[in-house]
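Numbering of ligands and ligand atoms starts at 1, following listing order. As the structure is a prediction and not an experimental result, all values here were calculated from the model.
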Amino acid sequence: MGRRSEPDVTERPPVAVIGGGIAGAAACISLARAGCPPLWLAPPAEQQAQAFGESLGPGARPILKALGLEDLLTSSAHRPANASFSAWGSDRLTARHAALQAGPPGYVLDRLRFEADLRARAAALAERLPHRLSSAAGEDQVWRLHLSNGENCTASAVVDASGRAAVFARRHSPLIRRDRLIAAATLLRQHDLSVEPTRATLIEALPDGWLYAALLPDEALSLAYFTDPDLMPAGISRDPQVLAAVLKQSRHIARWIAEAGFVPERPPRLYSAGTTRIAAPVGRNGRLPPWMAVGDAAAAFDPLSSHGMTTALWGGWKAGEAMAAALSGDRSGLDAYAAALAEGIADFDRQQARFYAAETRFPNSRFWAARHPN
Ligand SMILES: Cc1cc2nc3c(=O)[nH]c(=O)nc-3n(C[C@H](O)[C@H](O)[C@H](O)COP(=O)(O)OP(=O)(O)OC[C@H]3O[C@@H](n4cnc5c(N)ncnc54)[C@H](O)[C@@H]3O)c2cc1C
């Protein structure tokens, strides 16, 4: 007859948040603010793959404000985004507001510092376990979680914020992969300090992919080459000449690097950067307790959009509100989150298709052909 009775809040195990990145930290903060201090499975920072990418979109600011975190951006380690240009569809450099990221510029972050500050805020509000999730099983209104150190624990709900690995969500819903874009990314330092480097972010289309370069707040140059795995030049992570050969195809970014005397600090590292999503990012039906996927675990975007960090913050914020309501018997917030995420993905798909279609200079390139409408 009536509603299924929910366990008493005082006896209920906590919500488990899986993942120590931006989405996981934001989810912990949001859950704690909603009265549900979580259990946080976050491997130690030194065991985490270092995240790359520092362009924070303008949409992040209101989310940080809603989470009481607006002050994180006031550190002098970050600064408002510099001028942004692209050579895309034409050899000429143009102001980049026609690109995927619409609207005013956001911030250029010291990414390590931003994530460390965010994690410290979350750690003060959560019970943190420095272990990875190995597996999970749903039973009797709880999730039984098996951890990498051999211990078990229980949770009344799960927020999967484990990034592209989506370690929990993938077991409950298929992963949809739109492309297999990868990035070879590194930092460059200036050896000749007599030249003032241009404070800018540049994107430049090349025959088999595209280059991204941004001057960071500490004056290092962040550089990444994006292409498909079979088109990534062999040896790019070992041999500096391979990256140099890629730069030879560039007009603007190569000139910027040469004129300011930037030299790679270390060989590039390879990162997955493809567009993926979980078919159903929330679990709210049947006898299993609820779960949701947030950040890259729910939807990972082509970094051309600079959407990733903002979506991770947004997902973490929404997770706190939706899970707190779900544990009180109202699971509509989970549906609202899934619908808003689907809308955001559809919007991204339209912008991405339009932006790639604008580059028509390389008709014989497999990279561009794969991204053009048939
Ligand atoms: C080359 C590149 C450039 C980018 N540039 C930008 C940019 O300029 N601007 C932007 O907004 N976005 C950018 N992005 C995207 C952005 O970095 C991601 O969207 C963002 O990091 C997602 O955060 P997250 O918390 O969801 O995932 P992640 O940062 O991947 O964090 C996931 C966490 O889960 C942990 N984890 C994994 N498995 C387990 C497990 N079994 N148990 C417990 N924990 C686990 C990991 O250790 C990690 O701490 C870029 C991405 C790439 C690849």
Side-chain angles (χ1 to χ4, degrees), residues 16-28 39-60 63 81 84 99-101 105-109 111-112 114-116 118-119 122 128-136 145-149 158-171 181-186 201 203 209-214 216 222-227 268-276 278 281 293-316 319 348:
V17 175
I18 304 163
I22 291 176
C28 287
L39 177 69
W40 190 19
L41 301 187
E46 61 278 9
Q47 279 178 26
Q48 301 185 25
Q50 191 188 321
F52 194 89
E54 50 287 314
S55 297
L56 185 68
I63 301 169
S84 190
L100 267 173
Q101 186 188 321
Y107 278 78
V108 179
L109 299 180
R111 177 86 185 246
L112 280 180
F114 181 74
E115 289 210 17
L118 192 58
R119 269 197 290 268
R128 182 173 179 176
L129 296 180
H131 309 302
R132 308 179 81 80
L133 179 76
S134 297
S135 64
L145 307 179
H146 308 288
L147 311 186
S148 53
N149 66 340
V158 166
V159 176
D160 184 351
S162 63
R164 288 167 181 273
V167 291
F168 181 95
R170 269 193 211 211
R171 294 185 189 178
L181 191 74
I182 57 169
T186 188
T201 300
I203 288 175
W210 51 275
L211 272 177
Y212 161 94
L216 302 185
S222 168
L223 178 73
Y225 177 53
F226 292 85
T227 186
R269 286 193 195 126
L270 295 178
Y271 295 84
S272 298
T275 299
T276 58
I278 286 289
V294 297
D296 279 7
F301 299 99
D302 183 330
L304 188 57
S305 65
S306 295
H307 273 20
M309 288 190 279
T310 303
T311 307
L313 286 167
W314 173 79
F348 164 83

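- Listed here is the closest heavy atom pair of Leu118 and Ala25: CG-CB, 3.7 Å.
- Interatomic distance, OG1 of Thr310 versus CD1 of Ile22, reported as 8.5 Å (0.5 Å rounding).
- Residue Ala183 has at least one heavy-atom neighbour below 4.0 Å for each of these atoms of ligand 1: 1 (C).
- Ligand 1 has a nitrogen or oxygen under 3.5 angstrom from a nitrogen or oxygen of Arg111.
- In this pair, Phe226 and Trp210 present their aromatic rings parallel. The plane angle is below 30°, not in the 30 to 60° band.
- The contact set between ligand 1 and Ala312, taken as ligand atoms under 4.0 Å from a residue heavy atom, comprises 23 (O).
- The atoms of ligand 1 that sit less than 4.0 Å from any heavy atom of Ser55 are 7 (C), 8 (O), 9 (N), 10 (C), 11 (O).
- Taking every heavy atom of both residues into account, Pro43 and Arg132 meet most closely at CG-NH1, 3.4 Å.
- When heavy-atom distances to ligand 1 are checked against a 4.0 Å cut-off, Ala23 comes that close through both its backbone and its side chain.
- Shortest non-hydrogen contact noted between Gly316 and Val294 is N-CB, 4.2 Å.
- Checking only distances, Asp296 does come within under 3.5 Å of ligand 1, N or O to N or O.
- Ligand 1 has no N or O atom lying under 3.5 Å from any N or O atom of Val294, backbone or side chain.
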Working for side-chain contact (heavy atoms from CB on, under 4.5 Å), residues Thr275 and Leu181: CA-CA 8 Å; Thr275 299; Leu181 191 74; over 6 Å; no

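- Taking 4.0 Å as the cut-off, Glu115 does not count as a neighbour of ligand 1 on heavy-atom distance.
- Among Gly24, Gly57, Ser162, Ala298, the residue whose heavy atom lies nearest to atom 34 (O) of ligand 1 is Ser162.
- Near Pro43, meaning under 4.0 Å from one of its heavy atoms, ligand 1 places the atoms 43 (C), 44 (N), 47 (O).
- Nearest heavy-atom pair, Leu145 versus Ala16, reported as atom, atom and distance to 0.1 Å: CD1-CB, 3.5 Å.
- Residue Ile22 has at least one heavy-atom neighbour below 4.0 Å for each of these atoms of ligand 1: 25 (O).
- Counting heavy atoms closer than 4.0 Å to ligand 1, residue Val167 contributes side-chain atoms (C-beta onward) but none from N, CA, C or O.
- Within ligand 1, counting atoms from 1 as listed, the ones closer than 4.0 Å to a heavy atom of Ala161 are 32 (C), 33 (C), 34 (O).
- At a threshold of 4.5 Å between non-hydrogen side-chain atoms, the residues Tyr212 and Thr201 count as touching.
- When every heavy atom of Arg119 is checked against every heavy atom of Gly20, the shortest pair comes out as NH1-O, 2.8 Å.
- Interface atoms of ligand 1 facing Gly295, defined by a heavy-atom separation under 4.0 Å, are 26 (O).
- Proximity annotation for atom 5 (N) of ligand 1: of Ala165, Ala60, Gly53, Pro44, Gly53 comes nearest, heavy atoms only.
- Considering every non-hydrogen atom in both His131 and Ser148, the closest pair reads CB-OG, 3.6 Å.
- The shortest heavy-atom distance from Ser306 to ligand 1 is under 4.0 Å.
- Residue Ser272 approaches ligand 1 through these ligand atoms, each under 4.0 Å from one of its heavy atoms: 53 (C).
- Checked by atom type and distance alone, the side chain of Trp40 never pairs as donor or acceptor with a backbone atom of Pro130 at under 3.5 Å.
- Heavy atoms of Leu41 come nearer than 4.0 angstrom to ligand 1 in at least one pair.
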